[in-house]
Trainee: 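Right, I'll just put the structure down here and ask away after.
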Amino acid sequence: MSAVPPPVTAGSSEATADQRESLRWTGLEDSDRWRLAQTHAEVRPALAVQHFDCPLNTRLADDPPPALVRLLGRSLRDASVASNAAKAVGFRARPIADDPARRACIRVDGDLRTSASHPSGHATVGALWGRIMAEVRPIRPRP
């Protein structure tokens with residue numbers, strides 16, 4: 001876990017700056033950007049393939065290849081194991097835990113509200129899926 005920096009310390013200037021920045025984004029709730037963030041936060045493999053439609057110039061979301069959905073599902077589990085192991089090293093509360101009235105752009109249950117936020121599981125799987133898709137279908141120059 002040495003590759004993952006520790007979370008910021010509660011009460012530190014970094015934590016205060018993070019909270020201030022997080023609060024700044026509440027003005028986007030229910031906006032088009034908010035709805036786009038909800039779409040981009042989707043990690044169910046059969047639906048998450050849509051994230052790659054534009055960069056790959058395709059429509060995977062219309063008929064997701066079963067083998068790709070299985071690959072994304074397996075790698076989602078691997079990414080979750082890795083991020084959860086790193087989260088066990090140091091706890092950082094999510095903004096929605098610091099402020100129970102705070103809304104999140106992802107589906108929230110009791111476990112998510114109280115689980116650690118660092119490192120981000122969504123960011124971990126997003127980075128992994130980006131690497132996988134780059135290997136599965138590398139970008140080629142246009143003719």
Side-chain angles (χ1 to χ4, degrees), residues 1-10 14-143:
M1 293 306 126
S2 63
V4 178
V8 298
T9 305
E14 293 91 353
T16 301
D18 279 356
Q19 287 173 328
R20 189 172 31 254
E21 183 67 14
S22 179
L23 285 173
R24 195 169 73 85
W25 294 105
T26 59
L28 294 176
E29 290 177 4
D30 297 321
S31 69
D32 288 343
R33 182 63 190 99
W34 177 268
R35 286 183 282 285
L36 183 60
Q38 288 175 312
T39 301
H40 286 167
E42 181 58 65
V43 293
R44 289 175 289 177
L47 299 174
V49 294
Q50 69 182 316
H51 304 322
F52 302 98
D53 283 351
C54 285
L56 297 177
N57 194 27
T58 189
R59 292 293 302 163
L60 291 168
D62 290 344
D63 187 21
L68 179 59
V69 172
R70 283 192 306 276
L71 176 61
L72 296 183
R74 289 178 185 139
S75 59
L76 172 61
R77 288 187 292 278
D78 292 344
S80 295
V81 168
S83 65
N84 288 337
K87 288 176 185 190
V89 173
F91 182 83
R92 180 173 187 198
R94 297 175 184 278
I96 58 172
D98 286 342
D99 179 2
R102 183 77 186 271
R103 294 176 56 205
C105 65
I106 60 173
R107 289 182 306 274
V108 176
D109 60 19
D111 289 340
L112 184 69
R113 191 169 288 278
T114 58
S115 66
S117 68
H118 175 83
S120 167
H122 279 82
T124 302
V125 76
L128 178 58
W129 283 352
R131 293 291 305 256
I132 288 170
M133 296 305 281
E135 291 293 325
V136 169
R137 183 162 176 207
I139 296 174
R140 296 180 180 102
R142 293 181 187 241

Trainee: Using side-chain heavy atoms (C-beta onward) and a distance below 4.5 Å, is Arg103 in contact with Thr26?
Mentor: no

Trainee: Of all residues at least two apart in sequence or in a different chain, which pass the side chain to side chain donor-acceptor pair (under 3.5 Å) check with Arg131?
Mentor: none

Trainee: Looking at residues at least two apart in the chain, or sitting in another chain, which of them share a side chain to side chain donor-acceptor pair (under 3.5 Å) with Arg20?
Mentor: none

Trainee: Would you mind listing every side chain to side chain donor-acceptor pair (under 3.5 Å) that reaches into residues 72-85, with sequence neighbours excluded?
Mentor: Ser75-Trp129

Trainee: Check side-chain contact (heavy atoms from CB on, under 4.5 Å) between Pro6 and all other residues, then give those that pass, not counting sequence neighbours.
Mentor: none

Trainee: Identify all side-chain donor-acceptor contacts of residues 120-127 below 3.5 Å with residues at least two apart in sequence or on another chain.
Mentor:
{"residue": "Ser120", "atom": "OG", "partner": "His122", "partner atom": "N", "Å": "3.3"}
{"residue": "Ser120", "atom": "OG", "partner": "Ala123", "partner atom": "N", "Å": "3.0"}
{"residue": "His122", "atom": "NE2", "partner": "Ala41", "partner atom": "O", "Å": "3.1"}
{"residue": "Thr124", "atom": "OG1", "partner": "Ser120", "partner atom": "O", "Å": "2.7"}

Trainee: Working to the nearest 0.5 Å, report the span between CG of Leu72 and CG of Leu47.
Mentor: 11.5 Å

Trainee: The criterion is side chain to side chain donor-acceptor pair (under 3.5 Å); which residues satisfy it with Trp34, sequence neighbours excluded?
Mentor: none

Trainee: Are Arg102 and Leu23 close enough, and set up right, to give a side chain to side chain contact (heavy atoms under 4.5 Å, CB included), and what steps lead you there?
Mentor: CA-CA 9 Å; Arg102 183 77 186 271; Leu23 285 173; 4.2 Å; yes

Trainee: Give the minimum heavy-atom separation between Leu60 and Phe52, together with the two atoms involved.
Mentor: CD1-CB, 4.3 Å

Trainee: Passes side chain to side chain contact (heavy atoms under 4.5 Å, CB included), Leu71 versus Ile132? Steps please.
Mentor: CA-CA 9 Å; Leu71 176 61; Ile132 288 170; 3.6 Å; yes

Trainee: Looking at every heavy atom in both Pro45 and Val69, which two are closest together, and how far apart are they?
Mentor: CB-O, 3.6 Å

Trainee: With sequence neighbours left out, write down each residue that passes salt bridge (charged side-chain N to carboxylate O under 4.0 Å, His left out) with Arg94, or none if nothing qualifies.
Mentor: none

Trainee: May I have all residue pairs that pass salt bridge (charged side-chain N to carboxylate O under 4.0 Å, His left out) and include part of residues 32-52, sequence neighbours excluded?
Mentor: Asp32-Arg35, Glu42-Arg44, Glu42-Arg107

Trainee: Among all residues two or more places apart in sequence or in another chain, which pass the side-chain contact (heavy atoms from CB on, under 4.5 Å) test with Thr39?
Mentor: Gln50

Trainee: Mark yes or no for whether His118, through its side chain, and Pro5, through its backbone, hold a donor-acceptor pair below 3.5 Å.
Mentor: yes

Trainee: If I compare all heavy atoms of Pro64 with all of Ala46, which pair ends up nearest, and what's the gap?
Mentor: CG-O, 3.8 Å

Trainee: Please identify each residue that fulfils side chain to side chain donor-acceptor pair (under 3.5 Å) with Glu14, with sequence neighbours left out.
Mentor: Ser12

Trainee: Taking side-chain contact (heavy atoms from CB on, under 4.5 Å) as the definition, give me every residue that meets it alongside Ala104, ordered by chain and number, with sequence neighbours left out.
Mentor: Ile96, Ile106, Val108

